[in-house]
Protein chains: 2
Amino acid sequence: MLFRQEYEMSNKSTVKPKMTQYSRSRKKHECRILKAAEEVFAQFGYNGATLDTIAERAGLSKQNMLYYFASKQQLYQKVLQNILDIWMDSMALLTQPGKDPASKLENYIRRKIELSRTRPNGSKVFAAEIINGAPHLSADIKNRLLPRLEEDISLVESWIAEGRLDPIDPRHLFFMIWSTTQTYADFSAQIEIILGKPELTAGDFEDAARLITHVILKGIGAQQKEDKRL
Amino acid sequence: MLFRQEYEMSNKSTVKPKMTQYSRSRKKHECRILKAAEEVFAQFGYNGATLDTIAERAGLSKQNMLYYFASKQQLYQKVLQNILDIWMDSMALLTQPGKDPASKLENYIRRKIELSRTRPNGSKVFAAEIINGAPHLSADIKNRLLPRLEEDISLVESWIAEGRLDPIDPRHLFFMIWSTTQTYADFSAQIEIILGKPELTAGDFEDAARLITHVILKGIGAQQKEDKRL
DNA sequence: ACGGAGTTTAACTGTTTGGTAAAAATTGCT
DNA sequence: AGCAATTTTTACCAAACAGTTAAACTCCGT
């Protein structure tokens with residue numbers, strides 16, 4: 001009856017759960033719910049979002065949705081987790097293509113901007129969570145994000161030591177990159193009004209990426225080879 | 001009984017309301033309530049904040065508070081209005097001291113950072129409102145903020161025309177300044193974790209201001225006279 | 001086609017919370 | 001002191017909403 005099929009039975013061996021019809025459709029449902037939840041949480045905040053609204057947008061009843069995610073908290077956690085995973089994937093300066101600091105940083109910035117464009121709602125949920133003091137996320141930031149960031153910080157420090165960058169605090173540099181790129185997702189409402197557009201276009205994001213990379217790279221003394229005209 | 005004393009009887013003549021004992025204490029109460037509301041809205045969001053919590057923090061009963069602000073909406077609007085007013089005061093590049101673009105921009109950036117430091121809660125409420133699509137604010141942004149911003153945009157454009165700045169889109173430049181400065185208020189939770197501090201200090205804000213001005217000014221080709229060491 | 005695992009629906013419930021109505025208390029002015 | 005304007009408290013209410021229980025239904029492998 002209520003026996004939920006476990007996806008990960010064992011935590012040692014990575015046993016692939018056999019993909020039955022059931023579990024396939026379950027995945028699809030969970031996906032639709034998570035997408036709807038991301039939208040609704042982004043627009044109304046955690047407390048403003050209601051299970052009914054999310055369920056309706058996902059195309060099922062609230063009770064039915066509660067069958068897939070046992071509580072609002074759980075659903076929210078999952079949404080947060082997903083976006084943090086994606087965010088962390090796009091981090092790691094080290095893994096970015098390019099050899100010189102300039103191209104690595106440009107790729108990094110462009111990835112972040114791309115994330116703002118493609119996942120604005122996830123970004124908003126994340127932002128709202130941080131604004132509220134990151135009550136559900138501080139542990140993850142400390143334990144997962146911070147260690148990976150340390151690597152990037154070391155890399156930037158080595159660039160500085162080699163004289164390839166102005167002597168700046170890498171951590172503040174990352175705050176700068178994160179804020180300038182995320183603002184196009186989080187504050188899109190304000191930006192749309194100021195640009196006089198009902199919606200930001202791919203071109204707007206390209207403009208943003210170009211300006212941000214220009215200013216930051218030049219600003220930290222990591223000039224690209226060819227000085228692009230704006 | 002319930003006859004509220006009107007502060008502005010006439011909208012034509014600016015009649016000063018006589019400062020009775022009552023109205024004096026009322027002002028004080030309203031002030032305390034607004035401060036408490038700003039804190040609570042910042043921490044829990046509009047829907048997460050409850051009148052009871054706000055009232056408790058302001059040191060009176062919910063019903064009593066409702067005597068001063070007739071509804072949650074009204075209270076929230078007032079909080080938003082206040083912070084928008086302050087925000088707009090700190091804008092207006094034109095009125096900033098300094099003659100050359102570099103010093104004007106530096107003053108602008110430093111004011112914004114200072115605002116993040118002194119009014120983090122207001123900034124957070126503002127940010128959350130924008131994230132949620134600015135439902136209570138889009139009119140004000142369009143009608144009050146935008147016109148004043150246009151002046152600043154024109155000024156930057158004239159600087160560009162005179163060859164004193166790289167040819168960049170002024171609007172995106174402002175998005176950059178706003179996001180980099182506000183992030184120290186809005187995302188303080190994240191920044192504190194990464195900097196390994198329980199609270200941001202005045203020194204942290206000074207570091208931020210220095211880095212942001214260095215990178216942006218150099219990045220847009222508006223170098224200061226003396227190239228400060230970092 | 002049948003049995004059971006898995007899914008959906010219907011009917012509730014307890015609590016939280018924004019807001020109201022009116023009585024009670026306090027304050028300030030003459 | 002006395003009275004009216006203002007403030008505070010008491011007692012409620014209705015709606016919204018997360019979550020529960022159990023019954024009904026559907027799907028799928030054998």
Side-chain angles (χ1 to χ4, degrees), chain A residues 1-9 17-34 36-37 40-41 43-79 135-136, chain B residues 1-7 9 17-34 36-37 40-41 43-80 135-136:
Chain A
M1 295 250 183
L2 276 174
F3 289 24
R4 175 90 49 91
Q5 177 186 331
E6 293 294 336
Y7 277 95
E8 293 163 311
M9 309 292 277
K18 46 189 168 183
M19 260 298 177
T20 70
Q21 284 297 63
Y22 280 132
S23 68
R24 231 187 305 272
S25 110
R26 171 175 271 268
K27 266 273 148 68
K28 221 174 263 181
H29 272 123
E30 286 178 349
C31 219
R32 275 228 318 285
I33 293 170
L34 284 170
V40 176
F41 282 133
Q43 191 176 351
F44 301 102
Y46 177 77
N47 287 284
T50 74
L51 293 181
D52 274 314
T53 311
I54 297 171
E56 192 185 15
R57 193 166 309 196
L60 32 62
S61 71
K62 179 185 72 170
Q63 300 93 324
N64 197 177
M65 189 175 72
L66 281 167
Y67 171 75
Y68 290 98
F69 296 88
S71 73
K72 191 183 181 180
Q73 282 270 348
Q74 211 169 99
L75 183 53
Y76 179 69
Q77 292 272 17
K78 199 78 186 158
V79 169
H136 304 84
Chain B
M1 298 246 180
L2 276 175
F3 288 21
R4 174 91 48 90
Q5 177 187 329
E6 292 294 336
Y7 278 92
M9 308 292 275
K18 46 188 167 186
M19 260 297 177
T20 70
Q21 284 297 62
Y22 278 134
S23 68
R24 232 186 306 271
S25 108
R26 170 176 271 268
K27 266 272 147 70
K28 221 174 264 180
H29 272 120
E30 286 177 350
C31 220
R32 276 228 318 286
I33 294 170
L34 284 170
V40 177
F41 281 134
Q43 192 177 349
F44 302 102
Y46 177 78
N47 288 284
T50 73
L51 293 182
D52 273 313
T53 310
I54 297 171
E56 192 186 14
R57 192 166 309 198
L60 32 60
S61 70
K62 178 185 74 172
Q63 299 89 331
N64 196 179
M65 188 175 72
L66 280 167
Y67 172 73
Y68 290 99
F69 295 89
S71 74
K72 191 182 182 182
Q73 282 271 346
Q74 213 168 99
L75 182 53
Y76 179 70
Q77 291 272 14
K78 198 77 186 161
V79 170
L80 266 188
H136 305 85

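So that the names make sense, note that chain A is the first sequence line, chain B the second, and so on, each numbered from 1. Atoms considered below: every heavy atom in the structure, side chains included; atoms not considered: hydrogens, waters and symmetry mates.
Taking atom CG on B:Asn64 and atom P on C:dA22, their separation rounds to 19 Å, with Å as the unit. Per the geometry, NZ belonging to A:Lys72 stands 9 Å off P belonging to D:dC17, to the nearest Å. We find that OH of B:Tyr76 is positioned 17 Å from C1' of C:dG18, with the value rounded to whole Å. One can place NE2 of A:His29 at 9 Å from P of C:dT7, the figure rounded to the nearest angstrom. If you take CG of A:Leu75 and P of D:dA18, they are 11 Å apart, rounded to a whole angstrom. Between the P atom of C:dG6 and the CD atom of A:Glu30 lies a distance of 14 Å, rounded to the nearest Å. Atoms OH (B:Tyr67) and P (D:dA5) sit 12 Å apart, rounded to a whole Å. When rounded to the nearest whole Å, the span between CZ of B:Phe69 and P of C:dG19 equals 14 Å.
With C:dT20, C:dT8, D:dT7 as the choices, the nucleotide that has an atom nearest any side-chain atom of B:Leu66 turns out to be C:dT20. Taking every side-chain heavy atom of B:Ser71 into account, C:dG19 is the closest of D:dT8, D:dG19, C:dG19.
Partners of B:Phe44 by ring pair (Phe, Tyr, Trp, His ring centres under 6.0 Å), not counting sequence neighbours: none found. Looking at residues two or more places apart in sequence or on another chain, you find no side chain to side chain donor-acceptor pair (under 3.5 Å) involving A:Tyr46.
Between the NZ atom of B:Lys72 and the CG atom of B:Leu66 there is a distance of 11.0 Å, given to the nearest 0.5 Å. In this structure, CZ in B:Phe41 is found 8.5 Å from CG in B:Leu80, a value given to the nearest 0.5 Å.
Contact check, A:Tyr68 against C:dG6: no side-chain N or O comes under 4.0 Å of OP1 or OP2. Phosphate proximity of C:dG6 to A:Arg26: absent, as no side-chain N or O sits under 4.0 Å from OP1 or OP2. For the OP1/OP2 pair of D:dT8 and a distance below 4.0 Å, the side-chain nitrogens and oxygens of B:Ser61 include no atom meeting the criterion.
Taking every heavy atom of both residues into account, A:Val79 and A:Ala37 meet most closely at CG2-CB, 3.9 Å.
For DNA chain C, the residues of residues 44-58 of chain B within the heavy-atom distance limit of 4.0 Å (strictly under) are B:Ala49, B:Thr50, B:Leu51, sorted by number.
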Indicate every side-chain donor-acceptor pair of residues 56-65 of chain A with a distance under 3.5 Å to a residue at least two apart or in another chain.
unit_1: A:Arg57; atom_1: NH1; unit_2: A:Glu39; atom_2: OE1; d: 3.1
unit_1: A:Ser61; atom_1: OG; unit_2: A:Asn64; atom_2: N; d: 3.1

Name the pairs: protein N/O against N/O of nucleotides 10-14 of chain C, kept only if under 3.5 Å.
unit_1: C:dA11; atom_1: N6; unit_2: A:Gln63; atom_2: NE2; d: 3.4

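Of the options B:Glu30, B:His29, B:Arg32, B:Gln74, a side chain to side chain donor-acceptor pair (under 3.5 Å) to B:Tyr68 is made by B:His29 and by none of the others.
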